[in-house]
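Notes to accompany the following structure.
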Number of protein chains: 4
Amino acid sequence: MARLSQKMKEMVTENMRRTIFETSEKIILRDGIDGLTMEHLAHEAEISAGSVYNYFENKEEIIDGVMKNMFHRLLENLETISGANVPTHEKLHGIAKFMFDDFSQKRRLFDVLMDRRHFHKHSKKKRAEGHMKLLNIISGTIKNGIDSGELHAVEPELAASVFLGMVRELQIDHAGIFKKCNSQELADKVMLIYLSGIENKGAK
Amino acid sequence: MARLSQKMKEMVTENMRRTIFETSEKIILRDGIDGLTMEHLAHEAEISAGSVYNYFENKEEIIDGVMKNMFHRLLENLETISGANVPTHEKLHGIAKFMFDDFSQKRRLFDVLMDRRHFHKHSKKKRAEGHMKLLNIISGTIKNGIDSGELHAVEPELAASVFLGMVRELQIDHAGIFKKCNSQELADKVMLIYLSGIENKGAK
Amino acid sequence: MARLSQKMKEMVTENMRRTIFETSEKIILRDGIDGLTMEHLAHEAEISAGSVYNYFENKEEIIDGVMKNMFHRLLENLETISGANVPTHEKLHGIAKFMFDDFSQKRRLFDVLMDRRHFHKHSKKKRAEGHMKLLNIISGTIKNGIDSGELHAVEPELAASVFLGMVRELQIDHAGIFKKCNSQELADKVMLIYLSGIENKGAK
Amino acid sequence: MARLSQKMKEMVTENMRRTIFETSEKIILRDGIDGLTMEHLAHEAEISAGSVYNYFENKEEIIDGVMKNMFHRLLENLETISGANVPTHEKLHGIAKFMFDDFSQKRRLFDVLMDRRHFHKHSKKKRAEGHMKLLNIISGTIKNGIDSGELHAVEPELAASVFLGMVRELQIDHAGIFKKCNSQELADKVMLIYLSGIENKGAK
DNA sequence: CATGAATGAGCGTTCATTCAT
DNA sequence: TATGAATGAACGCTCATTCAT
């Protein structure tokens, strides 16, 4: 009985944390990180401002959690794609495509990652770790491609970083060149250059 | 006489705006965007806080200007590099190298570009314009390379965007993989993949 | 049976109150009055925050009780000292010495007495009563000394108040002049002046 | 002209600081230290909350200043009394009387001195310094009395501390024994015991 | 009677912008 | 045009008390 109520409590707590995470994410996606004030969050989650502090130490912990969750979901999906039994170039294409899709929905969350205000020592380290995991999935995929002879013997970490950069740039698309392209087309475009490069070898 | 004093006034105004821009840039580079308070700026520029509003509508306009100036200088330099009489791959290498160098000095300014707080309707448009100019230089270079047969017939805007993304990712280097590399080495790495791609064609 | 369970209930209640008092005192002595939050108290007493309100009206009542208990113990000890069969000046010396000792251990509790935040109407009256008891012990001792001819015919309440003041000042020792003195030395010093005064009568 | 406006500015600033000090003091005397919120203060001083921060770094600085001013005025008065050309016992009587008068008006300010919340490292040191100055005036007076043969060769610092304690106790008068006495009578009472002690020497 | 999450008023402080001088 | 003090809304966070379970 005690164990039951203990479990109940944990479930309620976990549920509350999830609600707060989801509400926070919703607000960030709608209003940006500056729209996420504690009062705003509490109101939207239909609790009081003070209540939030029963579940989180402070605002930073909430934001960290939201980011971590987003990253977690992203990594899970990428790992699935990366683990499929298809040629390497298809895996990379799938990764790119997924990121384009995800980003178009989660753009504001990714913005937070870029916001220097949230680069404190602690979270900086977490960011680096998260990034490393992301890179590891891609570089692992590339490493496999090299081992299987599908890819050149490039530095996997470099190739992975570069791949990420290409995808990110088309995602953000500051100049609005690719806003008419869907994720499939964008992934095609990235892969075209990423696989073959731009140099005309035959011309040499 | 009226015209003369009119001109004088404009010169004074222009001088004032420049001073404010330069001071703002100095502060951002030193303290980050959050260190740029109007009071701080006014004090460092040796004017009064209220005075700033005689030359600028609001803080956003100042930040926009600083960004624009930074962009302007960057574009000038890249145009020079792009205009040199060397093979296309050397031009692109030079562009990458310059950006790595510039970024390591101006990191804090580039941070601002990534900060969604400064993405309002008005400045968003300006950002897009600036970005387009940057892309145009690179895509122009690429177009020339295609015309001269040095490069494949890729979409120049796409190739330029992708190039930018690669460079940006290695610049930011969230995971800290490349912090030991200097700009020359980074540019080498980027070009390696950018020119040849990662696919092992011979294996097919 | 009803009476028995009634008694049981009262015992449980009394036990609960004592636990809360003791825990509060421990916290105050360790962390100061500001460390005594209801949550902190409840956790350390291993009960729930809400439960405390079954035994006390509010926080103030708890603090009042802690103070009263402290006072009670102090008074008991002073009464013992005062009741001893020794010359009056030795009794007073003993009282002073005990207070110095007590204070050095209970400093944080005495701080609370000085803190105006806890001077509400209700507790003010209680404070006055407690104080009066303390004064009564000392003034009683003095009265005895007067009756026995050991002391001048001073006003006992005045002499007692003044005695308390002297002791308190050396206890608190804001300027840190006497921090090297132990309780014996401090009591010696107090008695030296208290008994003989500072005036040089022979000089007149 | 520049000097004039500079002076003007300083005067205005000084005036503002004084207003804030006086308002703060008024509030503390009326409502206690907890009544002194920044909003409250600003409202009563008829300025905005933000304005206060043009003249003071933070709330602590204001409280420190109020205390310092109070102390300063007290010390000035005591020095005047102490410097008079009268017998030592009259000086001490005057000091006691003044303190009784002052305290009856400034009780709430003295409370702040006793409030542990305002005992941070920095202000603790200031408190000790202030206290030392107060003690020095009294101990100086006593020293003169000793040199002139009016007083015994007691330790001046001890005698001064003890004197302060006696006065303080009658000032605070927790038990309410002396609330009917005016400052003259209280000073008489203190001096009676302080000069001659309570011991009946003749009886020995 | 025990629980402990929910409450919500209240705190000190910041800073872009305004405006009387 | 220059000044810089005044503004005031907004922020994250605390904690004694309440009350549904």
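Quick note on labels: first sequence line is chain A, next is B, and so on, each numbered from 1.
The line from OG of B/S48 to CD of B/E39 is 11.5 Å long, rounded to the nearest 0.5 Å. Rounding to the nearest 0.5 Å places CD1 of D/I62 at 10.5 Å from CD of D/E57. We find the CG-CE distance between B/L29 and B/M70 to be 9.5 Å, quoted to the nearest 0.5 Å.
Identified under the side chain to side chain donor-acceptor pair (under 3.5 Å) test for residues 13-27 of chain D, with sequence neighbours left out: D/E25-D/R73. Every pair passing ring-ring contact (aromatic ring centres under 6.0 Å, His included) that includes a residue from residues 19-70 of chain B is listed here, sequence neighbours excluded: B/F21-B/F56.
Exactly one residue among D/V112, D/V66, D/I28, D/D31 makes a side chain to side chain contact (heavy atoms under 4.5 Å, CB included) with D/L36. That residue is D/I28.
Scanning for ring-ring contact (aromatic ring centres under 6.0 Å, His included) contacts around B/F71 gives an empty result, with sequence neighbours left out. Scored by the side-chain contact (heavy atoms from CB on, under 4.5 Å) test, A/K68 finds no partners at all (sequence neighbours excluded).
Counting non-hydrogen atoms under 4.0 angstrom, C/Y55 reaches the backbone sugars and phosphates but no base.
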Problem - Watson-Crick and G-U pairing of DNA chain F, under 3.5 Å, as dot-bracket with | and [ ] - result: .||||||||||||||||||||
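Protein atom CD of C/E61 is 11 Å distant from nucleotide atom P of F/dT17, rounded to whole Å.
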Practice task
Between protein and nucleotides 7-12 of chain E, map the contacts as a letter string: B base, S sugar-phosphate only, - none, heavy atoms under 4.0 Å, written 5' to 3'.
Solution key: BB--SS
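Between D/T13 and A/E57, the residue whose closest nucleotide on DNA chain F is further toward the 5' end is D/T13.
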